[in-house]
Chemist: 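The following block contains the structure, expressed as structure tokens.
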Amino acid sequence: MNKINEIFGSNVFSDAVMKERLPKATYKALKKTIERGTSLAPDVADVVASAMKDWAVEKGATHFTHWFQPMTGITAEKHDSFINPTSDGKVILEFSGKELIKGEPDASSFPNGGLRATFEARGYTAWDCTSPAFIKDDSLCIPTAFCSYNGEALDKKTPLLRSMEALDKQALRVLKALGNTTTKKVITTVGPEQEYFLIDKKMYDARKDLILTGRTLFGAKPSKGQELEDHYFGTLKQRISDFMKELDEELWKLGILAKTKHNEVAPAQHELAPIFSTTNISTDHNQLTMEIMKKVAAKHDLYCLLHEKPFAGVNGSGKHNNWSMGTDDGMNLLEPGNSPHENQQFLLFLCAVVKAVDEYPDLLRVSAANAGNDHRLGANEAPPAIISIFLGDQLEDVLEQIEKGPATSSKSSSELTIGVNTLPPLPKDATDRNRTSPFAFTGNKFEFRMVPSSASIAGCNFVLNTIVAETLSEIADKLEKATDVNAEIQVILTDIVKNHKRVIFNGNGYSDEWVVEAERRGLPNIKSTVEAAKAMISEKNQAVLEKHGVLTKVEAESRYEITLENYNKIINIEALTTLEMAKRQIMPAVIQYTTSLAESINTIKATGVSVDVSVQSELLTEVSSLLSSLNKNVALLEKVVEKADNFDGDIFDLGMIYRYEVFEQMNTLREYADKLETIVDEDFWPIPTYGDMLFNI
Ligand code: ADP
Ligand code: MG
């Protein structure tokens, strides 16, 4: 392998490259734009573009593309070569500031939730210079935001950038009110842990459901699942290890801080965690990570499944969104220090998050909603659909003290004794972990664990940034008016603890009792994407998004439409694939098997020898009866699919049909097919089984 520090960032037009290649004045102007958001003069853009092109061409690039993140959740790119004809029949390579700053993809072919009609096709991509350009597959990729002719956001990135500015503004107000005069900028930081499955490419190719829907629509539980708990952190198989090595290298070339890799809980499941960076870059990097995972997997004859629930009955995949707020002068605003009870600034920022989460749980819930994640949230392996916060003993104790008056002590951390003299004593964390909480404080950051593995993290982060910006703005309003700031801080903290402690829960979030207790506390338990989508059209949520300039009412409504439209389409595709596989693969295979059983019975009987054929006969009866039930359920599924197809009412009502009729019927149908799989001769079974896919690598 090449030395890490030689390959790291080698395909990135990084700060170091800019410094080296741009004239001093240009570099300075660009840095000002990146750091302070000032607009970039056209002549500066021309110089930057030209330097970028020279650098890219030296690295073998022939094309450039505006790289953007439409509402499909994946990235989009359209490549233009650098060539420009000259009068002597040759070409020169050019790239102008205008081309760098602005692109014009057709907006009508991307999900827009009614924001555009097809005849108004114009859309724009605008260079986001806060995320560095990079080279991928011989194309210079320019990270961009994507909006409509009227400036409405058509992508994941625009609201994210807007929300980062909102949080910056409000957090600075709070810091200033606390007497801080040195901090110039507050940024949100994110480290997303990415879970994924790897299976053999041949298995993938043999499963229509994986190809068309990303998950298995059929499949009986294998005789071995994850019950031995032998996969988590297990030794990496050679093929997986080779994949991970190459993945790391490819990510490092793109300047992605890939740090941790390990096997996850489910067989064939793995995780990659990068070192955190600013939310914007982290989001871009996570999109790239998912893309590169798929590409590298293909090189190893593997397929990378990013779906939230590729296999029923084994753990699904998520993304843990580790989130915090940092300052340009090196503070982490969620760092409690050794005595959090005395750390007023920390307590204010902590309580701002607590209040935000309690007041806008439905916005957070929708930010983690997609059809795939509906299999996880509320199922007992993943965080429940109820949003609560885990703070840990130490902070919970501090907040309890605050409720009654100023806090006077912090439970201290101690040393851990292992009982073996040769092992060094370990400093113990102040708090144990809680793996069942959807929103857990983990030392100096919050970990939002509900995020879908396949989704862009832009969604949950723009929501988090916005709702925390809102509570910070309320805090700033009070502090700015206060004559005695210290006294006011106490009032604010006590108020927040009193009114929002219901959202704090340190117990087992996976237990049935919690569901009952949460209901008693009045915490919402939003079951599916369809119901979750409503959060985008609630007046309160639209008001907060609009107030902080993150989404207008119209933009929020378009996202409601897109969420539902996407959900309905996905369930429809899943239902059609279920029908196709049941009718054209599973039922014919089962019929062949019953025929072979019948032939066997006849053949034996024809010998005239008196032999007991009751085993074959009983099997034939059982298989035939299951086949008949399967067939009935195929008819029932066809009926509800048709009902949904012909429905021309409201999109929400259609969503409810897909969720509670089509989806449910798919599950019922599947039960018969899965039962058949366990008794039909494996030579007849037409598709790879869970055992084949999960253990044959
Ligand atoms: P675990 O699996 O125990 O939850 P990991 O070490 O795998 O933890 O992941 C923790 C993630 O949190 C990493 O991506 C790390 O960079 C990130 N992280 C650490 N500090 C911060 C911070 N201040 N802001 C955002 N993310 C952070
Ligand atoms: Mg984690």
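As the structure lists them, so they are numbered: ligands from 1, and atoms in each ligand from 1. Since the structure is predicted, the reported quantities are computational estimates derived from the model, not experimental observations.
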Chemist: Can you list the residues that meet the side-chain contact (heavy atoms from CB on, under 4.5 Å) rule with A273, with sequence neighbours excluded?
Modeler: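 E193, T260, E271.
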Chemist: More than 12 non-hydrogen atoms from neighbouring residues, nucleotides or ligands closer than 6.0 Å to NZ on K295, yes or no?
Modeler: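 Yes - once you tally the heavy atoms of other residues, nucleotides and ligands closer than 6.0 Å, there are more than 12.
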Chemist: Measuring from atom 12 (O) of ligand 1, which candidate in H262, R449, K445 has the nearest non-hydrogen atom?
Modeler: K445
Chemist: Mark up the atoms of ligand 1 that fall under 4.0 Å of a heavy atom belonging to P274, in ascending order.
Modeler: 13 (C), 14 (O), 16 (O)
Chemist: Specify side chain, backbone, both or neither for E193, according to which of its non-hydrogen atoms lie closer than 4.0 Å to ligand 1.
Modeler: side chain
Chemist: Should you measure from each heavy atom of N332, which atoms of ligand 1 turn up under 4.0 Å away?
Modeler: 23 (N)
Chemist: Do P132 and F13 have side-chain heavy atoms sitting under 4.5 Å apart?
Modeler: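 Of all side-chain heavy-atom pairs linking F13 with P132, none is under 4.5 Å.
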Chemist: Hey, is E447 touching ligand 1 through its side chain, its backbone, both or neither, going by heavy atoms under 4.0 Å?
Modeler: side chain
Chemist: Determine whether any heavy atom of H320 lies closer than 4.0 Å to an atom of ligand 1.
Modeler: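 For ligand 1, residue contact (heavy atoms, under 4.0 Å) with H320 is absent.
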Chemist: Check salt bridge (charged side-chain N to carboxylate O under 4.0 Å, His left out) between E35 and all other residues, then give those that pass, not counting sequence neighbours.
Modeler: K31
Chemist: For ligand 1, which atoms have a heavy atom of I275 less than 4.0 angstrom away?
Modeler: 16 (O)
Chemist: List ligand 1 atoms under 4.0 Å from T189, heavy atoms only on the residue side.
Modeler: 22 (C), 23 (N), 24 (N), 25 (C)
Chemist: Which of the numbered atoms in ligand 1 are under 4.0 angstrom from any heavy atom belonging to G191?
Modeler: 14 (O), 25 (C), 26 (N)
